[in-house]
Each structure stands twice: as structure tokens, then as C-alpha cells.
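Down below is the structure, laid out as C-alpha cells.
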Amino acid sequence: MSVADTAVIDKIFLADKDGHSATITRVNPDTWLVNNKYIARKDAVDNLLYTIKAVEVRSPVGKNLYNNTMKLMAAKSVKIEIYEGQKILKTYYVGHPTMDNLGTFMYLENSTVPFITHISGFNGFLSSRYISNEAEWRDKAIFRIDPRTITDVLVRDFLRPHRSFELKRQADSSYTVTKLEDKTPVKPLDVTKVRTFLSAFRDTYFERLDHAISKKVRDSVLAAGSFSEIRVRMEDGKEKMLTCFRKPVSQGSRLQIDFEGKDLPFDYDRFYAIMTGDTSMLVCQYFHFDRIFKDPRNFLPGKDIVPAQQRFE
């Protein structure tokens, strides 16, 4: 059932009975793509590779459980194909946990019986490690950029134009910040604040993908227009653009009303965002993005003079 040398694996295909499938492809020793679209979560890849290597057969399924096990696996299981190049190393099906949750039913293709499997020393079942849903594989990083490679950042605030600015790296590695509203430079710059701002692009994540959003709500959100855009350009000429939209208040919103008891106009904790070249509706937290939604005056020396919070103004 196991593959002893996972270093030779360069592709893994997983599919479930609900129509989900994910092909995880190695592009370099540290990076895998899911369905050739997104970077796959490193923790999930490492967990799966470890499982592929460590899984052991605890026992074959006995005659008394055979029919019921095969029936359940036919209805709900994940098929996994493990590749080295074009060669399939293993194909098996991952089913449900045993009654004690310490084993997992699996069926190796062309075997005569299914098996109860486990990982020695691990008290739990293994089904959850075989992810077939693309969204669950997707790495949540929006910006994972070495700040030293950033040449310019543009932050547009469509609701408060005075907060729109462009930060640029100069030939001598110094920086300039210009207010977009009146094209005036912000100076003198506090270098530490510039570096702190740029460091936000090292690790900025979305919270989750909103698969449940209805077409009506999505269309309404997009029709209302974006409140902000963030564009980051790197030394190699590549750039990333994030467009941000207000998220309507929902049952899951932490705040539903303001201090006067009136309905809030939008969710004060989360917003929607779309990356250029992608249609996925990302749910992001203002708390995390307050590092980027800056007032340009906050690059000046001294204390921040305006709260850098997108939602409360």
C-alpha cells in the first residue's frame, strides 16, 4: 500500500464520488501545484506524502465485513493515483474509518480484499489526509513576496482618495511615496515605516474561499464596485493585483448593528477580494490588511496620525 521513496513522486491524482478531483504536481522540491492553477498548501502536501510512505496494513477485511465495506467504499471513497513521471506507482481507494476510529478502510486496485490500514504510533484515521477538493488544497497566501524584490506598490482607495498612494523604490534603493490625489510627495519618509509596510507583503493571506456565495449576492457585490485596489510589482516585472469589495453583513458577521442599533452597511471585520486572473471570491480580514490600507501620512516620522483602518471611516 505504501510508497517507500516519496522523493520520486511527482504527481498525485485524487478524486471522490462527489465529482471533486485534485491533481497535485511537483514543480520543484518545495513547491507543488494543485490542478496546475494554484500553489498547494505545503502542510497538506507534506502530510499526504508522509501518509503515503507510512501507511501500513493492519489486517485484511474479514468475510463478515467484506460486502458492507465494499458497498460503503463504492458509495464514498477517494481514489488516489501516485505517479513517477508517466508511471503509476500505486492506485488505491481510501474509505471510511473503522468503528474505533483507529483504522481506515482502503482497497488496493486489483487486490482480492480491502484492508484496514493505519500508521504505526498514530491514534486516528487517515481519510482526512486524502483531500480531493481543489479549494482545500489551495494555499491561502495572497502575497508571499520577498520585500527586497518589490519595486513599487500602488494602493488606491476609491472611497477616500486622500488615502491613495504609490510607493516606489529608486535606483539608489531609497523609496518615495506619492499621494495619488494631488501627486504630492510624502516626505521626509520614515524608513522604518516603509520597511514595515513592505514586510506586510511577505505573508498576507485570505481567510477562506466563499463557495456558498449566491450568484445574486456576488453580482450585487461586484456591481457595487470595489473600495480598494492593491498592486504590487516586483523586480522581474511580474505584478499582483488585488481588488477589494465590501462584504454584506451576514449571519456569520460578528457585528450586526452599530452602537445606535442601526443595521451596519457592510461587514466591519471581513471583505471580499479577487486576484487578477482568478474568479475566486476570497474572504479577507480587515485586521490583517490594515498593514496595507495605510494613510500615506503615516509614512512620516512620528506617531500615526490617522487610524489605519479601512472600515471605520
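Predicted, not measured: the structure shown is a model, and the values here were computed from it. Scope of the values below: all heavy atoms of this structure, side chains included, with no hydrogens, waters or symmetry mates.
With Asp152 as the partner, the salt bridge (Lys or Arg N to Asp or Glu O under 4.0 Å) test is satisfied by one option alone out of Lys240, Arg169, Arg231: Arg231.
Side-chain atoms of Arg26 come within 3.5 Å of backbone N or O of Ile9 as a donor-acceptor pair. Remark: the backbone N or O of Gly302 is paired with a side-chain donor or acceptor of Lys193 at under 3.5 angstrom. Looking only at distances, a side-chain donor or acceptor of Lys140 sits under 3.5 Å from a matching main-chain atom of Glu207. For Ser253 (side chain) and Ser250 (main-chain N/O), a donor-acceptor pair under 3.5 Å exists by modelled atom type. Checking side-chain atoms of Thr151 against main-chain N and O of Arg233 turns up a donor-acceptor pair under 3.5 Å. Formation of a donor-acceptor pair under 3.5 Å by the Thr117 side chain with backbone atoms of Met106 is not found in this model. Listed for the Ser111 side chain is a donor-acceptor partner under 3.5 Å among the backbone atoms of Val113. Between the Trp137 side chain and the Ile131 main chain, a donor and an acceptor come within less than 3.5 Å of each other. Although no hydrogens or angles enter the test, the distance criterion places no donor-acceptor pair under 3.5 Å between the side chain of Asp295 and the main chain of Arg163. Within the 3.5 Å criterion, the main-chain N or O of Lys17 finds no donor-acceptor partner in the side chain of Lys76.
Identified under the side-chain hydrogen bond (donor to acceptor under 3.5 Å, both in side chains) test for residues 85-94, with sequence neighbours left out: Tyr92-Tyr130.
A salt bridge is absent between Arg270 and Asp267: the closest approach of a Lys/Arg side-chain nitrogen to an acidic carboxylate oxygen does not fall below 4.0 angstrom. Between Asp210 and Lys247 there is no salt bridge, since no side-chain nitrogen of the basic residue lies less than 4.0 Å from a carboxylate oxygen of the acidic one.
Here the side chains of Val249 and Gln256 are in contact, with some heavy-atom distance below 4.5 Å. Side-chain atoms of Ser127 and Val78, non-hydrogen and from C-beta on, never get closer than 4.5 Å to each other. In this structure the side chain of Thr98 never reaches within 4.5 angstrom of the side chain of Phe125, judged on heavy atoms. Residues Leu282 and Leu209 are in side-chain contact: their nearest non-hydrogen atoms beyond the backbone lie under 4.5 Å apart. Put simply, the side chain of Glu109 does not reach to within 4.5 Å of the side chain of Glu81, judged on heavy atoms. Residues Thr204 and His288 have side chains in contact (heavy-atom distance under 4.5 Å, counting atoms from C-beta outward). Counting only heavy atoms from C-beta outward, the side chains of Phe293 and Cys244 approach each other to under 4.5 Å.
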Pair Phe271-Tyr286, ring pair (Phe, Tyr, Trp, His ring centres under 6.0 Å): steps then yes or no: CA-CA 7 Å; Phe271 63 92; Tyr286 287 106; 4.9 Å; yes
Chi angles and distances behind the side chain to side chain contact (heavy atoms under 4.5 Å, CB included) call for Asn67, Lys71: CA-CA 6 Å; Asn67 288 338; Lys71 183 178 178 181; over 6 Å; no
Steps toward side chain to side chain contact (heavy atoms under 4.5 Å, CB included) verdict (Met281, Leu222): CA-CA 10 Å; Met281 197 66 108; Leu222 298 181; 4.2 Å; yes
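The six-membered or imidazole ring of Phe143 lies near that of Phe201, with a centre-to-centre distance under 6.0 Å. Residues Phe197 and Phe165 bring their aromatic ring centres within 6.0 Å.
Connection of Tyr268 to Leu159 is established within a shared hydrophobic cluster, with ILVMFWY side chains joined at heavy-atom distances below 4.5 Å, either directly or through further cluster members. No chain of hydrophobic side-chain contacts below 4.5 Å, direct or via other Ile, Leu, Val, Met, Phe, Trp or Tyr residues, connects Met275 to Val221.
Here the CZ-SG distance, from Arg208 to Cys284, works out to 10.5 Å after rounding to the nearest 0.5 Å.
Residues passing the ring pair (Phe, Tyr, Trp, His ring centres under 6.0 Å) test with Phe105, sequence neighbours excluded: His96.
Residues Leu180 and Arg156 share a closest heavy-atom pair of CD1-NH1, 3.8 Å. The heavy-atom pair separating Ser228 from Phe158 by the smallest distance is N-CD1, 3.7 Å. Taking each heavy atom of Ser164 and Asp157 in turn, the nearest pair found is OG-N, 2.7 Å.
The cationic atom of Arg129 (NZ for Lys, CZ for Arg) lies less than 6.0 Å from the six-membered ring centre of Phe122 and within 45° of the ring axis.
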